[in-house]
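Written out below as structure tokens is the structure these notes cover.
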Amino acid sequence: MAGHSKWANIQHRKGRQDAKRGRIFTKLIKEITVAAKMGGSDVSANPRLRLAIDKAKAESVPKDTIENAIKRGTGQLEGVVYEESRYEGYGIAGAAVMVDCLTDSKNRTVADVRHAFSKFGGSMGTDGCVAFQFKHCGQMLFAPGTNEDALMEAALEAGVEDILTNDDGSIEVITGPWEFTAVSEALETAGFKPEFSEVTMKPLNETELSGEESQRMQKLLDALEALDDVQEVYTSAVLDNE
């Protein structure tokens with residue numbers, strides 16, 4: 001991470017997400033509905049649903065709201081039928097961008113995503129043009145000063161995929177996407193609570209941006225994230241937030 005602080009960058013991104021909490025409920029409810037539709041209502045047999053419910057509970061989504069979202073997904077209640085779609089493209093300086101959506105109108109969504117890319121200096125690409133640059137995984141970030149040896153021992157015992165120590169002293173733990181919840185629980189039991197954790201599409205290589213390029217890229221990401229049908233935006237860009 002030459003010249004960039006992983007810790008500062010993740011904290012900055014988390015702060016921006018927290019500022020948009022008003023839209024988080026809607027996204028979480030959509031995800032629960034689709035997860036239940038795809039894999040059924042049994043969380044023990046549907047890791048995607050379990051993860052979605054855990055995220056919803058962490059954001060204090062009411063129990064009744066969660067249960068109704070599951071029932072809509074399994075057809076016990078009527079509701080909007082959402083489809084999954086993923087769009088790929090390039091941002092400033094060629095940084096890779098992936099946009100995951102849940103929508104009831106793919107035509108509307110693709111038009112909105114394409115417009116955001118073109119308006120803010122990016123370009124929408126074809127399916128698969130950047131997906132190979134990302135790894136679907138669980139990511140946990142522990143603060144600088146965390147006992148590295150003790151965390152490593154607990155993490156290896158929990159069955160993690162990788163442990164990375166960043167230049168700024170923060171420690172990343174990487175898990176399989178569906179092992180994320182179990183590993184999180186094991187590490188918390190061992191006394192390690194991450195400052196930031198999520199199941200994500202982690203870029204295999206990063207594009208460092210600074211100054212005006214960083215600002216332009218942030219505007220593009222903000223425009224994509226503001227779209228109603230967008231669930232998640234992933235990018236290889238590392239922004240200079242100073």
Side-chain angles (χ1 to χ4, degrees), residues 1-18 27-28 31 35 39 43 46-59 86 88 91 95-100 128 130-209 221 225 231-239 241:
M1 294 298 298
H4 284 268
S5 167
K6 172 72 75 171
W7 180 249
N9 203 264
I10 290 283
Q11 291 295 94
H12 174 76
R13 180 155 60 90
K14 183 176 185 297
R16 297 186 75 88
Q17 289 174 344
D18 289 345
K27 289 186 175 185
L28 291 171
E31 173 61 18
V43 293
N46 187 345
R48 177 174 174 177
L49 178 60
R50 181 183 179 187
L51 184 63
I53 291 173
D54 286 346
K55 288 174 69 174
K57 287 180 176 177
E59 297 293 343
R86 169 174 287 171
E88 302 175 41
V97 180
M98 281 203 312
V99 185
D100 281 353
V130 300
F132 67 93
Q133 299 183 42
F134 295 85
K135 173 183 173 65
H136 189 206
C137 64
Q139 179 188 38
M140 305 174 201
L141 190 70
F142 295 85
T146 300
N147 186 321
E148 184 176 352
D149 291 338
L151 174 59
M152 186 172 295
E153 182 179 348
L156 291 173
E157 192 171 312
V160 305
E161 288 189 0
D162 202 2
I163 304 167
L164 308 169
T165 301
N166 298 309
D167 290 347
D168 57 17
S170 61
I171 303 171
E172 279 182 86
V173 172
I174 307 299
T175 76
W178 309 127
E179 290 72 42
F180 174 80
T181 299
V183 171
S184 295
E185 291 173 351
L187 291 182
E188 285 204 34
T189 299
F192 294 99
K193 184 174 177 61
E195 295 294 324
F196 182 84
S197 63
E198 63 180 351
V199 173
T200 186
M201 297 296 290
K202 179 178 170 63
L204 300 177
N205 295 289
E206 295 176 327
T207 304
E208 297 182 356
L209 301 179
L221 297 176
E225 289 173 352
Q231 288 290 104
E232 300 288 349
V233 178
Y234 306 106
T235 181
S236 64
V238 177
L239 307 183
N241 300 306

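The structure displayed is predicted, hence computed values, not measured ones. Numbers for residues simply follow the sequence, beginning at 1.
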Would you say the side chain of [Y] lies within less than 4.5 Å of the side chain of [X], judging by non-hydrogen atoms?
{"X": "Gln139", "Y": "Phe180", "result": "no"}
{"X": "Val183", "Y": "Thr181", "result": "no"}
{"X": "Phe142", "Y": "Val173", "result": "yes"}
{"X": "Asp162", "Y": "Leu164", "result": "yes"}
{"X": "Val97", "Y": "Val130", "result": "no"}
{"X": "Thr207", "Y": "Thr235", "result": "no"}
{"X": "Ile163", "Y": "Met152", "result": "yes"}
{"X": "Val160", "Y": "Ile174", "result": "no"}

| query | Atom CZ of Phe196 and atom CG of Leu141: how far apart are they, to the nearest 0.5 Å? | reply | 8.0 Å
| salt bridge (Lys or Arg N to Asp or Glu O under 4.0 Å) involving Asp100 - partner list, sequence neighbours excluded | Arg86
| For Lys135, all residues meeting salt bridge (Lys or Arg N to Asp or Glu O under 4.0 Å), sequence neighbours excluded | Glu161
For [X] and [Y], which heavy atoms make the closest approach, and how far apart are they?
{"X": "Met140", "Y": "Ser197", "answer": "CG-CB, 3.9 Å"}
{"X": "Val199", "Y": "Pro177", "answer": "CG2-O, 3.8 Å"}
{"X": "Phe134", "Y": "Ser236", "answer": "CZ-N, 3.9 Å"}
{"X": "Thr175", "Y": "Cys137", "answer": "O-CB, 3.3 Å"}
{"X": "Ile171", "Y": "Leu151", "answer": "CG2-CD2, 3.8 Å"}

Restricting to side chain to side chain donor-acceptor pair (under 3.5 Å), what partner residues turn up for [X], sequence neighbours left out?
{"X": "Arg50", "result": "Glu185"}
{"X": "Glu157", "result": "none"}
{"X": "Asn147", "result": "none"}
{"X": "Glu188", "result": "none"}

| request: Flag the pair Glu31 and Lys55 as a salt bridge only when some basic side-chain nitrogen lies within less than 4.0 angstrom of an acidic carboxylate oxygen. | output: no
| field | Sidechain N-carboxylate O distance under 4.0 Å for Lys202, Glu172 | value | yes
Please check this pair: side chain of [X] against backbone of [Y], looking for a donor-acceptor N/O pair closer than 3.5 Å.
{"X": "Asn46", "Y": "Leu49", "result": "yes"}
{"X": "Glu88", "Y": "Met98", "result": "no"}
{"X": "Asp168", "Y": "Ser170", "result": "yes"}
{"X": "Gln231", "Y": "Lys27", "result": "yes"}

| task | Let me see the working for Val238 and Glu206 under side chain to side chain contact (heavy atoms under 4.5 Å, CB included), right down to the final yes or no. | result | CA-CA 6 Å; Val238 177; Glu206 295 176 327; 3.5 Å; yes
| query | Can Glu148 and Thr165 be counted as having a side-chain donor-acceptor contact under 3.5 angstrom? | reply | yes
| field | Derivation and outcome, side chain to side chain contact (heavy atoms under 4.5 Å, CB included), residues Thr200 and Tyr234 | value | CA-CA 8 Å; Thr200 186; Tyr234 306 106; 3.3 Å; yes
